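Not measured: the values here are computed from a predicted model. Numbers restart at 1 for each chain; the letters A, B, ... are given by sequence-line order, proteins then strands. Computed over heavy atoms, backbone and side chain alike; hydrogens, waters and symmetry mates excluded.
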Number of protein chains: 4
Amino acid sequence: MKPAIKEAAGALKKTRLPRQSELPLAKTAQPIGAGSRASSDLPAKKGDRTRLQIKAAARVIFARDGFLNSTIAEIMKEAQRSIGVFYRYYKSKDELLLELTEEFRQKLLQQIHLPLRPNQDPIDNFEEKLGIFWQLYMEDWPIVNSALQMSMVDEAFAKRWHDLRQQGIGAIAHIIGKARKLGYCPTIDPHYAASALCSMLEFTCYNWTSRWGDFAGAKMSKTAAIQTLKQIASHSIAWRSPT
Amino acid sequence: MKPAIKEAAGALKKTRLPRQSELPLAKTAQPIGAGSRASSDLPAKKGDRTRLQIKAAARVIFARDGFLNSTIAEIMKEAQRSIGVFYRYYKSKDELLLELTEEFRQKLLQQIHLPLRPNQDPIDNFEEKLGIFWQLYMEDWPIVNSALQMSMVDEAFAKRWHDLRQQGIGAIAHIIGKARKLGYCPTIDPHYAASALCSMLEFTCYNWTSRWGDFAGAKMSKTAAIQTLKQIASHSIAWRSPT
Amino acid sequence: MKPAIKEAAGALKKTRLPRQSELPLAKTAQPIGAGSRASSDLPAKKGDRTRLQIKAAARVIFARDGFLNSTIAEIMKEAQRSIGVFYRYYKSKDELLLELTEEFRQKLLQQIHLPLRPNQDPIDNFEEKLGIFWQLYMEDWPIVNSALQMSMVDEAFAKRWHDLRQQGIGAIAHIIGKARKLGYCPTIDPHYAASALCSMLEFTCYNWTSRWGDFAGAKMSKTAAIQTLKQIASHSIAWRSPT
Amino acid sequence: MKPAIKEAAGALKKTRLPRQSELPLAKTAQPIGAGSRASSDLPAKKGDRTRLQIKAAARVIFARDGFLNSTIAEIMKEAQRSIGVFYRYYKSKDELLLELTEEFRQKLLQQIHLPLRPNQDPIDNFEEKLGIFWQLYMEDWPIVNSALQMSMVDEAFAKRWHDLRQQGIGAIAHIIGKARKLGYCPTIDPHYAASALCSMLEFTCYNWTSRWGDFAGAKMSKTAAIQTLKQIASHSIAWRSPT
DNA sequence: CATGAATGAGCGTTCATTCAT
DNA sequence: CATGAATGAACGCTCATTCAT
């Protein structure tokens, strides 16, 4: 992972992050919801159990130290296994995060898929989705914050993160488009706005969960938090030109 | 700087970022707008010129590789000087960033100080400030993005960053408070909302400037960008309860 | 370890020698006399063997180059291992020396504990102890000379060394006190004298073992050496006021 | 001076300490007593004055930090001159110490030359010399302690130091020889004993002057100190075989 | 002749990854 | 299949010495 830190810039040369194509995206489609409960309910196969233990340990260590500050050694100590075992399950530290991120992505995509119900205002639908996003972020913040870190530092990872963001942005842009058809926010560029709202969501969640975040210490009220997000996000769209 | 990355977590040991008081804050009062053009207009003294060259080089390298991925060697190669000379001017890579960040902060605080003019709507005032923020971010994004990186990874830096954020959040919360007195956004918590808006600003700017950001490649229109930010931010506040 | 050299002066900043309590004091109780032969008799576990190899290599390199002139790279080359493995066993070059010194100290304290036998003249007892000291110094001179170097250069180390010296000085002062009660050396200050004798022992041993010492080349006779030390040290105490 | 530290061992290769022959031993024969009063009484020529200022500053810095821990920069800051000026007067840091040491040596040799007066007991003569040695050591301890440090670390310096010691040892051995002819200390080897006494003197003086020495803090009484040295040294010789 | 900025080799230390057992 | 010792490239930082001004 020295590489991960050092390798990123296009201008740099030395070590080798796995090429995009080498990465095991497919592998990730494990049963939804299996991610967060790790070591208690033993899955059928021993290997799977170890894999879960590693992931659970990573979560703990990422939460404590952040991704870039954590070491494989530390994670495996938490997982009560030897370092060597790590590489039986993951090709690299990056790949571990990739898998965790992919799980989060799957969960998110599945749960956030809420088609507009008949007669539902798109804004209401948007708020529902916001609630889900917040919920999932709270569950998996050590992973998402880690992904955020890596996306700022590693090119390969940044590209994947960018793709995930694009899905979110696309979805929100779509909603904004719908809203505009209903007369809302006529002067706004749906894509730019979606990008900004996405940033707000992500980074607010980051700042409200990270160790040194805005309200670290004084833990914030969950409902107030989500109310704030919903109000800001929806009012930023749900306005009409004055007449 | 390996330390900087490794030392962050509470569980870990040292840190050697200089105390606030040690920092050359005074030195920062250079003529506004002089910051980013460095190496062309040579200052009187040889030493000062080198300092500027280092800062200019750092800017280039940070923009290209990101802060965590850049090395002192790389910066000094860009500055066309030997590695050793770096340490005549800065105690460490962190301190370099600290100085750059401090300069940005000073610039920001000076320019963003726009007291509410008589009869001016607070929302209008807010929008003016947004414009300035965007402007300065665009000028100094390699530095601000660097600071963002470091704040995610290094405790000492995070604390300083947190303080700067708090100023912004405080100011925005104040504006929101004013707006509420005028009947705007009655149900919103000013502090939470300010935190979220601050996150939006910062992270949107980040995502619109970073190498792998949302519109990398397809460079976005400057005016559209700022229009978007203004609309979102102000509409998220400037609403009234339906009657 | 540049630090070790640079950090010493009161005016200078940090030091990172581990606190006394962190040191593996317990670990030291290895069978007496096993210390200096390391790499031949391989211990059960792989790790322990490496540790011994490192210590043996350090001894060789310290003897050849002196502590301050030796580098971890050189030591590990002698140990036929990679540099990195050093840090699995020791946090720093200082800590390695600390462990070696501590081992020496333990050996010394154990063997030098010779309570005065009934009817034994304290001077005789003193001479016995001198013999033991000489013996151990000869076995471990690369280490003790290293410690001497470090104690001249590094504050933290100097303090530990000072403590060890104090034990010796205290013991000798005690003997001198006893001797005075028997009518010996009435006008002498026991503490000052003990300090001086301790210096004589230490530094004579140093000068008789170091590369560039008094008789380098012309190796001195072991028995003559020890006879000289005994005669000088005991006669300096065992005199009575002329009457 | 990286060299000085690194270069010493015969086995080592890289940098180059000045060959013995290159060193300016002759240059040192300046008027005795000029050494310690530096910056107050200005010598005729400006260059000489600067030279004295540098030496005075070195003394201060060596006393504070020890030789190996001091830097040219620090010395020249104390001397209130630029770094560059140092090299106008000395070829290297080592050469500075060499000159200082040489001055000490000259002073010592001149003052300690006390031929045995008619009817004077050699032991008395020896005690007189001890007093002078102590006196000079106290005046110049920052230099002598520095020389001691360097002699432990640098081959070239060690050789010179060794030569100086040899003179002392030779002289003392001579005295012991005389004493033996008078019936004193018949069983002792004059050379070994002289070496040991020399070590005692040197290292006791070191330990009674160095920052972290035996009585640091509780400053010792000057007369008691010298009485102790005299008693120990002379009694270690001035004994006769029991009849 | 002074200045102090610049040079650059050198060393300590870290940690992802490999591999012998 | 597990273990954890070993590897080694990489990077931050120091400071004696040089040299342009």
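Where Gly84(B) and Gln80(A) each meet DNA chain F at their nearest nucleotide, the meeting point lying more 5' is that of Gln80(A). Remark on DNA chain E: of its neighbouring residues Ile83(D) and Phe86(B), the 5'-side contact belongs to Ile83(D), judged by nearest-heavy-atom nucleotide.
Here dC13(F) is the nucleotide among dC13(F), dT3(E), dT17(F) with the atom lying nearest to any side-chain atom of Ser92(B). Among the nucleotides dC11(F), dT17(E), dA6(F), the one closest to the side chain of Thr71(B) is dC11(F). Listed nucleotides: dG12(F), dT17(F), dA5(F). Nearest to the side chain of Ile72(D): dT17(F). Nearest to the side-chain atoms of Val85(D) among the listed nucleotides dT17(F), dA2(E), dG12(E) stands dA2(E).
When rounded to the nearest whole Å, the span between CD1 of Ile54(A) and P of dT3(F) equals 10 Å. In this entry the distance linking CG of Asp94(A) with P of dC15(E) reads 15 Å, nearest Å. Put simply, CE on Met150(B) is 13 Å from C1' on dG12(F), counting in whole angstrom units. To the nearest angstrom, C1' of dG12(E) lies 14 Å from CG of Leu96(C). If you take NZ of Lys77(A) and P of dT3(F), they are 16 Å apart, rounded to a whole angstrom. The CD1-P distance, from Ile61(D) to dC15(F), rounds to 14 Å in whole Å. The distance from atom CG of Asp65(C) to atom P of dC11(E) is 11 Å, rounded to the nearest whole Å. Atom CD in Glu95(B) sits roughly 13 Å away from atom C1' in dC13(F) (whole-Å rounding).
Taking a cutoff of 4.0 Å between a charged side-chain nitrogen and a carboxylate oxygen, Arg64(B) and Glu78(B) do not qualify as a salt bridge. Salt bridge present: Glu99(C) and Arg51(C) bring a charged side-chain N and a carboxylate O closer than 4.0 Å.
In this structure dG4(E) sits in a base pair with dC19(F), meeting the Watson-Crick or G-U test at under 3.5 Å. With both pairing distances under 3.5 Å, dA9(F) is matched to dT14(E) as a Watson-Crick or G-U wobble pair.
Considering only side-chain N and O atoms, Tyr87(C) lies nowhere under 4.0 angstrom from the phosphate OP1 or OP2 of dA6(F). In this structure, Ser82(B) reaches the dT7(E) phosphate: one of its side-chain N or O atoms is under 4.0 Å from OP1 or OP2. A sub-4.0 Å separation between OP1 or OP2 of dG4(E) and a side-chain N or O of Arg88(B) is absent. Dashed line: the shortest gap from a side-chain N or O of Tyr89(C) to OP1 or OP2 of dA5(F) is not under 4.0 Å.
Judged by distance alone, with hydrogens and angles left aside, the side-chain atoms of Lys93(B) form a donor-acceptor pair with the main-chain N or O of Phe67(B) at under 3.5 Å.
One distance of note links NZ of Lys77(C) with OG1 of Thr71(C); it measures 8.0 Å at 0.5 Å rounding. In this structure, Asp48(B) CG and Tyr89(B) OH are separated by 7.5 Å, a value rounded to the nearest 0.5 Å.
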